[in-house]
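Below: one structure, written as structure tokens.
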Amino acid sequence: MKKKGINFYLHIYFKILAQDIKSKMSYRADFIISTIGMIFTNIAGFVSFWILFRNFPSINGWSYYEMMFLYGFSLISITPVQCLFDNNWNLRMYVYSGDFIKYCFRPINLFFYYQSEIFDIKGLGQLAFGLATMVYAWTKIGLACTPLIILKTIIFLITASLIMIAVMNAAAATCFWITNSFFVMDLALKFRDYAKYPITIFSPVFRFIFTFIIPVAFIAYYPSLVILRPDNIPVLSWISPAFGCLFFWLSYKLWMHGATKYSGTGS
Amino acid sequence: MKLKKYFALTRCGILESLQFRASLLVMFAGNLVYLTVVYFLWKSIYASSGTNSVNGMTFHDTLIYLVLATALFNFMEMYAVWEIGRNIQTGKIVLDLLKPIKYRSYLFWSYSGSFVVNFFTTFLPTFITVCIVTNSAVPLGINLLYFALSIVPAVIINYSIDFIVGTICLYTESIWGINIMKQVIVMLFSGATIPIAFFPKTLKNIVNYLPFTSIYNTPLSILLNGNPQNANILTMLGIQVIWCIALLIVSSVFWKISLRQITVNGG
């Protein structure tokens with residue numbers, strides 16, 4: 001079989017995307033309420049952030065606005081997993097009911113086809129919220145605004161987002177073995193809430209755990225050091241894009257391994 | 001025997017939640033990670049503030065408060081909105097409405113079994129651990145009795161709010177958005193994520209006029225208060241009881257009105 005190029009996949013992706021949006025639009029009330037719910041979640045998250053840190057000028061050497069930058073950064077970098085990989089949440093249902101077999105018969109990449117089926121528009125509100133927070137913190141800290149630094153920010157944001165995608169992929173893929181992966185996914189989802197804190201607040205043991213075992217520190221902390229503290233960037237920050245790609249690749253392999261092992265329900 | 005039918009439901013609930021032991025385990029692991037993050041976060045907050053007591057709460061107070069809030073959440077949260085919403089979407093609600101028992105009581109008593117299980121598997125172990133770890137910083141005296149007393153209206157208030165929100169689902173047929181909105185509002189304004197003592201003054205005043213503080217903040221502040229004044233306790237319990245009665249009436253009237261509205265697909 002001829003290897004299909006990226007253009008082919010992009011073309012397919014937008015075709016599927018259009019169908020998904022059309023079907024979402026037929027449940028308009030639900031769509032509007034869900035969007036409002038998502039905005040509510042972001043506002044509440046910001047309010048708790050504000051209540052917690054407005055009392056203190058700095059936490060562990062991190063100023064209020066630097067913390068806010070971190071918060072905005074983490075919101076943006078968890079947007080892609082919300083928008084593009086939301087179908088992971090349904091995986092256990094498909095596997096349980098046996099409907100998953102329908103994906104195995106398509107002549108395109110299984111993982112790609114499965115994930116492209118759903119695009120969660122709600123996540124765009126979160127993206128806007130995160131961008132606004134980050135830009136506000138950016139101006140308050142007085143960071144420079146050169147093309148180079150913006151390019152760096154974008155690259156580090158994209159690679160940081162791969163981490164959360166990898167975590168959710170791996171969590172969803174557990175359902176190929178244990179069927180009900182909801183609790184694993186719910187647990188994994190909680191990790192994104194911890195990304196907004198600087199890793200230096202933890203003791204060395206937990207710093208190690210949150211860096212290498214549950215890589216939440218790569219979602220916001222290490223990549224944003226490149227922007228926030230340009231004089232003193234640790235090695236881990238520079239290699240965080242590589243880590244993002246590595247974790248994503250590993251989770252993809254795990255997911256595909258589970259999918260190829262999948263034997264259906266027999267019906 | 002009137003109560004017999006209710007206790008039969010409780011028994012079923014106990015058996016049902018014991019069936020899902022794996023979920024209990026994952027929940028336990030999730031809480032452990034959450035509490036680790038909370039511990040280090042507040043520790044560095046207190047270290048940076050330079051004083052022992054912030055807003056009248058020491059580090060130990062805050063930690064005990066948040067740990068027990070999490071335990072209380074696991075104990076009280078029933079996900080009733082999900083259940084009602086799912087019953088509406090699948091049409092199962094029709095069968096439940098035909099049962100010779102009020103739907104509201106039916107749902108409550110079916111969940112009561114998981115109260116019992118969660119009390120012994122999460123709340124009690126957490127409470128004992130906290131007592132040991134903090135070197136009995138939790139005062140053990142008459143306040144335990146008051147705490148137990150205030151839990152009863154807290155559970156009923158929490159359930160009534162859930163039920164009111166669940167009733168809204170009859171109109172909207174949207175679950176996720178409504179539920180997430182309810183969840184973030186309750187978690188923030190009840191003081192489950194940040195103690196109410198840390199709220200800025202105006203926000204504190206607003207929150208005091210809302211029913212949410214009665215769910216988590218009131219029982220926990222009663223528990224943490226070593227030598228309670230009778231008048232003080234009585235006002236707190238009184239407010240809880242008033243909210244409890246008010247919400248019971250609202251939820252039952254709202255349900256009765258909405259039931260005429262119900263449309264079930266297929267059924």
Side-chain angles (χ1 to χ4, degrees), chain A residues 27-62 89 122 178-191 193-203 205-207 209-210 214 216, chain B residues 20-34 36-51 54-55 62 85 89 168-169 171-189 191-200 203-204 207:
Chain A
Y27 299 97
R28 200 155 299 171
D30 182 58
F31 171 72
I32 292 166
I33 291 167
S34 303
T35 312
I36 297 172
M38 197 72 187
I39 294 168
F40 250 78
T41 318
N42 286 320
I43 292 175
F46 189 79
V47 169
S48 5
F49 173 86
W50 175 72
I51 291 172
L52 201 53
F53 295 113
R54 107 212 128 85
N55 289 321
F56 312 101
S58 78
I59 310 273
N60 224 318
W62 284 67
W89 286 93
K122 296 193 293 290
I178 61 169
T179 309
N180 189 357
S181 61
F182 178 79
F183 293 101
V184 183
M185 292 196 75
D186 204 41
L187 178 66
L189 187 71
K190 287 203 183 99
F191 292 138
D193 296 336
Y194 311 143
K196 57 179 182 273
Y197 305 121
I199 189 107
T200 44
I201 66 171
F202 298 108
S203 71
V205 177
F206 284 97
R207 236 178 274 178
I209 290 176
F210 285 132
I214 312 166
V216 278
Chain B
F20 296 101
R21 280 175 293 255
S23 76
L24 283 177
L25 210 68
V26 174
M27 198 164 85
F28 181 74
N31 281 342
L32 219 58
V33 179
Y34 170 76
T36 314
V37 172
V38 163
Y39 172 81
F40 284 113
L41 177 67
W42 285 91
K43 201 174 158 188
S44 57
I45 285 177
Y46 272 91
S48 313
S49 75
T51 51
V54 181
N55 294 320
T62 315
Q89 283 188 339
I168 297 174
C169 289
Y171 297 92
T172 61
E173 293 180 19
S174 155
I175 309 169
W176 189 87
I178 301 260
N179 191 56
I180 204 87
M181 262 188 260
K182 180 227 106 186
Q183 202 170 317
V184 294
I185 291 174
V186 171
M187 288 305 275
L188 181 60
F189 289 150
T193 39
I194 302 168
I196 300 284
F198 285 83
F199 281 36
L203 198 59
K204 213 190 281 179
V207 166

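Lettering follows sequence order; numbering is per chain, from 1.
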- Item | Intermediate values then yes/no, ring-ring contact (aromatic ring centres under 6.0 Å, His included), Trp42(B) and Phe198(B) | CA-CA 12 Å; Trp42(B) 285 91; Phe198(B) 285 83; 5.0 Å; yes
- Where on Tyr34(B) is there a heavy atom nearer than 4.5 Å to chain A: the side chain, the backbone, both, or neither?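 The answer is both parts of Tyr34(B).
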- Between Leu188(B) and chain A, which part of the residue has a heavy atom less than 4.5 Å away: side chain, backbone, both or neither? side chain
- Just jot down the side-chain contact (heavy atoms from CB on, under 4.5 Å) partners of Trp176(B), sequence neighbours excluded, or say none. Ser34(A), Met38(A), Lys122(A), Trp82(B), Ile180(B)
- Any residue meeting side-chain contact (heavy atoms from CB on, under 4.5 Å) with Ser48(B), in chain and number order, not counting sequence neighbours: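 So Ser48(B) forms a side-chain contact (heavy atoms from CB on, under 4.5 Å) with Ile59(A).
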- Quick one: of Thr193(B), Val33(B), Ile178(B), Leu203(B), who has the most non-hydrogen atom pairs under 4.5 Å with chain A?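 That would be Val33(B).
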- Message: Need one label for Phe31(A): side chain, backbone, both or neither, based on atoms under 4.5 Å from any heavy atom in chain B.
- Response: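 Neither part.
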- Relative to chain B, which segment of Ser203(A) carries a heavy atom at a distance below 4.5 Å: side chain, backbone, both, or neither?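 For Ser203(A), backbone and side chain are both near chain B.
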- Top of Val184(A), Thr41(A), Ile51(A) for chain B proximity - count of heavy-atom pairs under 4.5 angstrom: Ile51(A)
- May I ask you to check whether over 12 heavy atoms, not counting those of Phe49(A), lie within 6.0 Å of atom CZ?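 Yes, the 6.0 Å shell around CZ holds more than 12 heavy atoms from other groups.
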- Message: Classify the ring geometry of Phe210(A) against Phe202(A): parallel below 30°, tilted from 30° to 60°, perpendicular beyond 60°.
- Response: tilted
